[in-house]
Amino acid sequence: MGKVKKNAQGAKAKKKSTKVQIRGIERLLKNAELPCEVRQSKERMLEMLRGDHTDHKRKIKQQQLQKKYKMVRFFEKRKLRRKLEQCNKKIASASAEDRPALEEKLAELQKDYNYVEHFPVSKKYISIVSTDQTENTIQEKGEIRQQIAEKVVAGSLCNAATRFADDEDET
């Protein structure tokens with residue numbers, strides 16, 4: 001086994017953060033007397049570290065957004081589940097004349113449920129239930145909703161609303 005680096009107090013040394021490593025390599029590359037092979041290898045390492053750093057920043061941002069909107073999405077899913085249940089019950093007891101309108105409403109509720117379930121984690125969540133929104137947010141919400149609906153139809157995303165309905169049938 002290799003030796004474990006330890007600091008003056010005898011504890012294990014911490015790994016340097018990518019930001020610190022990038023800064024150190026940039027300082028090293030400022031040296032004009034650096035051999036060509038070393039310079040090239042350090043430049044490659046610098047590019048790799050910059051990529052890792054941007055990935056890490058993106059991942060942290062996604063985690064923050066997920067944490068921030070977790071409760072909002074949970075409550076919206078719960079509201080939509082209830083509406084889906086109510087709509088399914090109405091369809092089961094509806095006459096042939098009322099059924100097409102109720103099925104249309106059910107399809108819209110399923111699209112809304114899929115929107116909440118599959119909303120991109122890299123974006124700030126736009127509530128599907130909220131009524132006080134600007135035209136810009138309404139347009140963005142519509143675009144995202146349409147993209148999700150297309151992906152569900154294409155099969156790249158699962159239809160969360162039908163998965164929920166299947167769970168309901170089993171109980």
Side-chain angles (χ1 to χ4, degrees), residues 1-81 107-164 167:
M1 278 191 348
K3 292 184 178 180
V4 176
K5 291 184 179 181
K6 295 188 177 188
N7 60 12
Q9 289 81 23
K12 290 183 182 178
K14 288 185 178 179
K15 183 183 176 210
K16 292 181 182 178
S17 71
T18 53
K19 220 174 183 181
V20 170
Q21 291 176 11
I22 289 170
R23 188 168 170 235
I25 291 174
E26 285 174 343
R27 285 180 173 171
L28 183 67
L29 290 173
K30 286 181 183 177
N31 185 359
E33 300 172 4
L34 199 63
C36 187
E37 306 99 31
V38 174
R39 179 174 295 279
Q40 287 176 348
S41 68
K42 292 297 178 182
E43 286 174 349
R44 282 193 298 265
M45 184 179 280
L46 181 64
E47 290 303 314
M48 183 187 72
L49 286 171
R50 283 184 177 156
D52 290 347
H53 184 65
T54 55
D55 289 345
H56 181 70
K57 284 190 341 187
R58 183 177 29 80
K59 187 176 180 181
I60 287 176
K61 184 70 173 173
Q62 286 178 354
Q63 288 173 347
Q64 288 173 341
L65 289 173
Q66 255 182 333
K67 185 177 179 182
K68 183 177 181 179
Y69 297 112
K70 184 176 182 177
M71 287 301 292
V72 175
R73 291 177 66 197
F74 171 76
F75 287 126
E76 286 191 359
K77 275 195 244 181
R78 198 164 70 177
K79 285 179 187 179
L80 289 168
R81 277 188 190 148
E108 286 299 311
L109 287 172
Q110 287 176 338
K111 285 180 184 177
D112 289 347
Y113 192 85
N114 284 328
Y115 172 87
V116 175
E117 183 75 24
H118 299 297
F119 192 87
V121 292
S122 59
K123 293 185 178 183
K124 184 178 174 182
Y125 183 72
I126 302 170
S127 176
I128 195 82
V129 180
S130 179
T131 56
D132 55 329
Q133 296 179 348
T134 64
E135 284 186 32
N136 196 17
T137 56
I138 291 171
Q139 181 182 4
E140 187 178 352
K141 179 172 65 172
E143 290 172 1
I144 293 172
R145 193 167 176 246
Q146 183 180 7
Q147 290 172 357
I148 291 171
E150 289 171 358
K151 288 180 181 178
V152 167
V153 169
S156 61
L157 290 177
C158 68
N159 190 346
T162 57
R163 185 182 68 221
F164 164 69
D167 292 344

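FYI, the numbering just counts along the sequence from 1.
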**OP:** Please step through side-chain contact (heavy atoms from CB on, under 4.5 Å) for the pair I25 and L29, ending with a clear verdict.
**Re:** CA-CA 6 Å; I25 291 174; L29 290 173; 4.0 Å; yes
Original post:
So how far is it from R145 CZ to H118 NE2, rounded to the nearest 0.5 Å?
Top reply: 13.5 Å
Original post:
Under the salt bridge (charged side-chain N to carboxylate O under 4.0 Å, His left out) rule, what pairs show up with a residue in residues 63-77, not counting sequence neighbours?
Top reply: K77-E117
Original post:
Do any N or O atoms from the side chain of Q66 and from the backbone of V121 form a donor-acceptor pair under 3.5 angstrom?
Top reply: no
**OP:** Would you name the heavy atoms of Y115 and I144 that are closest together and state the gap between them?
**Re:** CE1-CG2, 3.9 Å
Subject >> Enclosure of E135 CD (heavy-atom neighbours >12, cutoff 6.0 Å) >> reply: no
Subject >> Shortest non-hydrogen contact between A32 and R39, atoms and distance >> reply: CA-NH2, 4.0 Å
Subject >> Spatial distance of atom NZ (K79) from atom CZ (R81) [nearest 0.5 Å] >> reply: 14.5 Å
Would you give me the side-chain donor-acceptor pairs under 3.5 Å for residues 41-51, sequence neighbours excluded?
{"residue": "S41", "atom": "OG", "partner": "E37", "partner atom": "O", "Å": "3.4"}
{"residue": "S41", "atom": "OG", "partner": "V38", "partner atom": "O", "Å": "2.9"}
{"residue": "R50", "atom": "NH2", "partner": "E26", "partner atom": "OE2", "Å": "2.5"}

Subject >> With sequence neighbours excluded, residues passing side-chain hydrogen bond (donor to acceptor under 3.5 Å, both in side chains) with D55 >> reply: R58
Subject >> Point-to-point distance, once rounded to the nearest 0.5 Å, from CZ of F119 to CD1 of I126 >> reply: 5.0 Å
Subject >> Gap between atom NZ of K141 and atom OH of Y125 - 0.5 Å precision >> reply: 9.0 Å
Original post:
Nearest heavy-atom pair of L80 and L109: which atoms, and what distance?
Top reply: CD2-CD2, 4.1 Å
Original post:
How many angstroms lie between atom CG of L157 and atom CD of Q147, to the nearest 0.5 angstrom?
Top reply: 10.5 Å
